[in-house]
Amino acid sequence: MAALLPQGRYPRSGQSLLTSAGIGCWRSAGKRRQQANGKKSSNTFVMETALKAHQNEQHPQHAEDFGKKHEQNSKLSGVKKDIEKLYEVVPQLVNVFKIKEKIGEGTFSSVYLATAQLKAGYEEKMALKHLIPTSHPLRIAAELQCLTIAGGQDNVMGVKYCFRKNDHVVIIMPYLEHESFLDILNTLSFEEVREYMFNLFKALRRIHHFGIVHRDVKPSNFLYNRRLKAYALVDFGLAQGTPETKIDLLKTIQSEGQQEGSVHHSIQRSVFGERNFNINSSTHQESPTVKLMKQPKVIDVASRKLAAKKKLISTKTANNGLARKGASSCPSNLTCDCFATDRVCSICLSRHQQVAPRAGTPGFRAPEVLTKCPTQTTAIDMWSAGIIFLSLLSGRYPFYKASDDLTALAQIMTIRGSRETIQAAKTFGKSILCTKEVPAQDLRILCERLRGTNKSTGDMHTNPSYELALPVETDKVEFGSRTVRKEIHHLKDSHCENGDGIDIKIREKLMHTKGWDRVPDEAYDLLDKLLDLNPATRITAKEALMHPFFKDMRL
């Protein structure tokens, strides 16, 4: 570091701190030491290695403990280095904050817990979010503007200070100690779930009022302190603005995004582009890989002229005031010759690549995001809130987990129905093909089966392995459930009865004390409206707060 160099010895730009002469001296000294030690150093190293190996064989548990301890020390050492580096790149923090530990790390930022030395001598806990230097300055400024304008009330995280040094930015926010969603999922009472969702909708109503689309709503971005009944919606790093947004920098981001590429809707296309999945193709069944077929040159030129002609006609129609209805239109005829086949024709290859936002976390993306719909509104946040509500009612998290958009959409179909998903996609100009019709499931029956409160499931209550059971259609969904077993064992220890019916009585007592044996129909009605496949008719945050499910709660 330049600060550690003697005065007057700073290197010129591009010059190494170690000169060639210095390196030569270091090498010579090392060689002399090696010659002096000779065979003794080598033998000592061999003996030490053999001794460690013998100790590991004699005491495997000690070796395992040593490995774990070494891993923990390495991790702590890495965090310590990160903290020192943060002090170095943003030196203003040194005199104000004492950074304790790293509490979060993402693709675009790291979050640290720190204490601030106030004038009165009182230490206040703060959360320091260090944005990586590769983030676009406009994106950083937009996130900061979202926090300052919309944050600070209605369960939306605010901002206290902001420090900047060159391309390093640190946002200082209030620290909210919070629980892990997975750890508390199956210990929450039904009333706590109701309060949780009510406060989430308050936060979403707040940001949607300012025309902010969060685009990454999930439990880890909605902090919850169970003891204090405190909530905070955080992380606006992926936020976008609606056309009526009140955040000026989001308007700038939106206009720049529109200049990067245009999206054409005049011809309906497969939602997954070249990854065309088909229904009546024997070739496709024999080979799951997609085969790209290039037409002869003459046909290719003709096809491109045809596509260009259609584009020109579409433009003229729009100028004459006879344009399509936007996202709600869906042409009934598809003129390309690769539809429902295992190839992509030249007409489809000649189309412009669709440019559409595809942010968010897998499992929480709305159907319009998965299908790359260019027009994405605040409705995508409401879908994500619906997935959170689905996890809370079913006791399963994460409810959806897919490695790609195709699988994610198929998983949605298993709950909401394939026909319903296809019809909804048509409303925003997308074509979906499905090899099998899957019926929509009743949300109450689904959640009660997964939670184990459905009386009609017979011996399902007495089956200990049912906590991981799933409907046949959702066998690829991964869930997590741990804490409910602890409560059941706790009740078992305090229960005086014996016999085969004890599991049923324990579960019924547990569900009764938590309120899960009397979930009202309004809960599943709200869930159904949140998971509306059509974003145009999906319930808004303001409407959700007025839903009968929250009839006795004050805004």
Side-chain angles (χ1 to χ4, degrees), residues 103-104 155 176-203 217-234 363-364 384-401 443-444 446-455 457 460-470 477-495 502-520 522-524 526-527 530 549-550 553:
I103 57 177
N155 304 322
L176 177 63
E177 188 175 354
H178 56 280
E179 286 81 11
S180 167
F181 186 79
L182 182 60
D183 290 341
I184 66 173
L185 176 61
N186 283 296
T187 67
L188 293 172
S189 67
F190 176 70
E191 184 59 30
E192 285 179 304
V193 168
R194 200 164 71 110
E195 293 174 355
Y196 182 98
M197 293 305 302
F198 182 79
N199 283 279
L200 175 57
F201 292 137
K202 282 181 65 176
V217 175
K218 56 183 178 180
S220 59
N221 282 340
F222 187 60
L223 310 183
Y224 172 43
N225 186 303
R226 194 175 183 181
R227 180 176 59 85
L228 301 176
K229 300 289 184 184
Y231 309 83
L233 182 65
V234 300
F364 294 91
S384 300
I387 297 298
I388 296 176
F389 196 24
L390 180 60
S391 289
L392 289 167
L393 290 176
S394 65
R396 297 295 188 264
Y397 179 78
F399 196 91
Y400 291 128
K401 188 175 181 180
L443 292 175
R444 173 183 279 278
L446 172 68
C447 292
E448 287 182 348
R449 285 183 62 193
L450 293 174
R451 188 171 276 278
T453 58
N454 193 333
K455 302 294 184 180
T457 54
M460 200 173 291
H461 296 280
T462 61
N463 183 3
S465 64
Y466 179 69
E467 290 180 27
L468 299 178
L470 286 173
V477 185
E478 296 183 13
F479 300 108
S481 173
R482 291 181 288 189
T483 53
V484 69
R485 294 191 181 93
K486 296 180 181 179
E487 291 204 20
I488 292 176
H489 287 308
H490 175 72
L491 285 174
K492 265 186 179 180
D493 295 338
S494 60
H495 208 283
I502 187 171
D503 288 341
I504 299 177
K505 293 181 179 180
I506 289 174
R507 185 178 291 275
E508 287 179 350
K509 182 177 179 180
L510 179 62
M511 296 305 169
H512 177 73
T513 56
K514 296 290 185 180
W516 288 106
D517 59 335
R518 50 185 183 276
V519 179
E522 288 82 2
Y524 297 103
L526 176 59
L527 178 62
L530 288 168
F549 182 57
F550 304 117
M553 303 187 75

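Here the structure is a predicted model, which means the values were calculated and not measured. The chain is numbered in sequence order, starting from 1.
- The side-chain heavy atoms of M197 and F550, taken from C-beta on, include a pair separated by under 4.5 Å.
- Atom-to-atom distance recorded for L527:CG and I387:CD1 is 8.5 Å, nearest 0.5 angstrom.
- Evaluation of the side chain to side chain donor-acceptor pair (under 3.5 Å) rule for K202 yields no partner, not counting sequence neighbours.
- At least one donor-acceptor pair under 3.5 Å links the side chain of R451 to the backbone N or O of L392.
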Please lay out, stage by stage, how V193 and W516 fare under the test side chain to side chain contact (heavy atoms under 4.5 Å, CB included). CA-CA 10 Å; V193 168; W516 288 106; 3.7 Å; yes

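- Side chain of N155 to backbone of N199: a donor-acceptor contact under 3.5 angstrom is found.
- Among all heavy-atom pairs drawn from A230 and L176, the shortest one is CB-CD1, 3.8 Å.
- Annotation for V519 and A523: closest pair CG1-CB, 3.8 Å, computed over non-hydrogen atoms.
- Atom CG of L446 and atom CG of L390 lie 6.5 Å apart (nearest 0.5 Å).
- Nearest heavy-atom pair across V234 and S220 is CG2-O, 4.4 Å.
- By the 30° and 60° cut-offs, the orientation of the rings of Y196 relative to F222 is perpendicular.
- Aromatic ring pairs are classed by plane angle as parallel below 30°, tilted from 30° to 60° and perpendicular above 60°; the pair Y397 and F364 is tilted.
- For S189, the side chain to side chain donor-acceptor pair (under 3.5 Å) test picks out E192, with sequence neighbours left out.
- Open room surrounds CD on E177; 12 or fewer heavy atoms of other groups in view lie less than 6.0 Å from it.
- A distance-only check finds a donor-acceptor pair linking the side chain of E179 to the backbone of R226 [under 3.5 Å].
- With hydrogens and angles disregarded, no donor-acceptor distance shorter than 3.5 Å links the side chain of K514 to the backbone of F190.
- In this structure, CG in L526 is found 11.5 Å from CZ in R194, a value given to the nearest 0.5 Å.
- The shortest heavy-atom contact between A385 and V217 is N-CG1, 4.4 Å.
- Distance check: L200 CG to L233 CG gives 7.0 Å after rounding to the nearest 0.5 Å.
- Rounding to the nearest 0.5 angstrom, the gap separating the CD atom in E448 from the OH atom in Y524 is 5.0 Å.
- For F389 and F549, the ring centers are positioned less than 6.0 Å apart.
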